[in-house]
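A quick write-up on the structure given underneath.
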Protein chains: 2
Amino acid sequence: MDAIDLKILALLQEDGGLSNADIAERVGLSATPCWRRIRHLEETGVIRRRVALLDRDRLNVGVTVFVNIRTNQHNPEWLARFASAVDDIPEVVEFYRMAGDVDYLLRIVVPDIAAYDGVYKRLIAAIDLYDVSSSFAMEEIKYTTALPLAYVKDRSSTR
Amino acid sequence: MDAIDLKILALLQEDGGLSNADIAERVGLSATPCWRRIRHLEETGVIRRRVALLDRDRLNVGVTVFVNIRTNQHNPEWLARFASAVDDIPEVVEFYRMAGDVDYLLRIVVPDIAAYDGVYKRLIAAIDLYDVSSSFAMEEIKYTTALPLAYVKDRSSTR
DNA sequence: TATGAAACATGTCCTGA
DNA sequence: TCAGGACATGTTTCATA
């Protein structure tokens, strides 16, 4: 992964709609080698996938809720059931196992508080939770899917 | 926005690399009307953008940290400066103003705890914060950019 | 819905370090 | 041997009727 690959990644994580020709021009390559690099980045999994990002408000899910969960069940079977229940709830868009006093953190998107209550009930119906506390976001000030590229290790040799 | 639009959105937010021809076939349209619908969804902002999602581990930012921030400054100028400082820190990928006892919530991605300390220092150097508490994620169990489509209001008439 | 021009993707082959 | 470049072919995009 050299400087040109990084440039390609920077472009594509900002605008996945760029054509190969566009990218080639911007990174100073002709179409073929650029296309080969992109394909290589996809095949080796550096580029995980390409997606369209939709507008939360237009889809009527403008409200974000963070849910802190504590549990007294700390066995793998319970977690597997929990993970699978959460996976089936499309309103849950992020789900982390945490260090510290909170065990799990969920990010949920819904139209309003009433709808959040519906998700909450689905959640506690599916799985036994010890303590659940919800915080509402008033404003989304920044949201990006673009990762920082400053920490990438150079792998020019292992290509 | 009718059922076919929803189907198009569902496909594109899962796989933004699908060609128009692919989508047309899957939603049961011929190429031209399908293409017009996609363009309309882009022009009206329902599709905000297309991006490539990269692999956190491959880019050496496998560690996620949530940062809860409390402040004693509640004026718009301070928030504007805070927002702009955060915008300049690429490690901060999400940033919300919260209701409740925490004022702001950040999600940060870094390679390790040492790197997080660097980001933390940049943050407090840029802006005056009252109370900062960090929680580390041990495991990302679910992360999706796909929004739930179940709450979309039908706008067939207003097309 | 159909047609068609232009742009694009993507394979093969060739060149030079 | 490896990365870039030229070219050829099938596909896709997108305007028009």
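Numbered from 1 within each chain, the chains take letters A, B, ... in sequence-line order. Below, all heavy atoms of this structure are taken into account, side chains as well, without hydrogens, waters or symmetry copies.
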**Complete:** Taking for L29(B) and for L18(A) the nucleotide of DNA chain C with the nearest heavy atom, the one nearer the 5' end belongs to L29(B)
**Prompt:** If you look at every strand shown and take non-hydrogen atoms under 4.0 Å, does R36(B) touch a base, only sugar-phosphate, or nothing?
**Reply:** base
**Item:** Separation of dA7(C) P from I23(A) CD1 (nearest whole Å)
**Value:** 18 Å
**Atom pair distance, as rounded to whole Å: CG in N20(B) and C1' in dA9(C)** = 15 Å
**Request:** Would you indicate which nucleotide in dG5(D), dT1(C), dA9(C) comes nearest to any side-chain atom of W35(A)?
**Result:** dA9(C)
**Asked** Could you give the CD-to-P distance, from E25(A) to dA9(C), as a whole number of Å?
**Response** 13 Å
**Message:** What is the distance, to the nearest angstrom, from the CD atom on E42(A) to the C1' atom on dT10(C)?
**Reply:** 13 Å
**Request:** Look at the side chain of S30(A) and decide which nucleotide, out of dG5(D), dG4(D), dC8(C), has an atom nearest to it.
**Result:** dG5(D)
**Complete:** Rounded to whole Å, CG of D22(A) lies from C1' of dA9(C) at a distance of 13 Å
**Prompt:** F66(A), V132(A): one ILVMFWY side-chain cluster at the under-4.5 Å cut-off?
**Reply:** no
**Message:** Heavy atoms from C-beta onward define the side chain here; which of dA9(C), dC14(D), dT10(C) lies closest to that of A31(A)?
**Reply:** dT10(C)
**Asked** Just checking T32(A): base, sugar-phosphate only, or nothing, at a heavy-atom cut-off of under 4.0 Å?
**Response** base
**Request:** Give the cluster check for V61(B) versus Y96(A): same hydrophobic cluster or not, with ILVMFWY residues linked at side-chain heavy-atom distances below 4.5 Å.
**Result:** no
**Asked** Given dT12(D), is OP1 or OP2 found less than 4.0 Å from the side-chain N or O atoms of R39(B)?
**Response** no
**Request:** Mind running side-chain hydrogen bond (donor to acceptor under 3.5 Å, both in side chains) on Y116(B) and S134(B) for me, showing each step along the way?
**Result:** CA-CA 10 Å; Y116(B) 170 65; S134(B) 315; 2.6 Å; yes
**Asked** Out of dT13(D), dG4(D), dC8(C), which nucleotide sits closest to the side chain of S19(A)?
**Response** dC8(C)
**Request:** Mind checking the CE-CG spacing from M138(B) to D103(A)? Nearest 0.5 Å is all I need.
**Result:** 11.5 Å
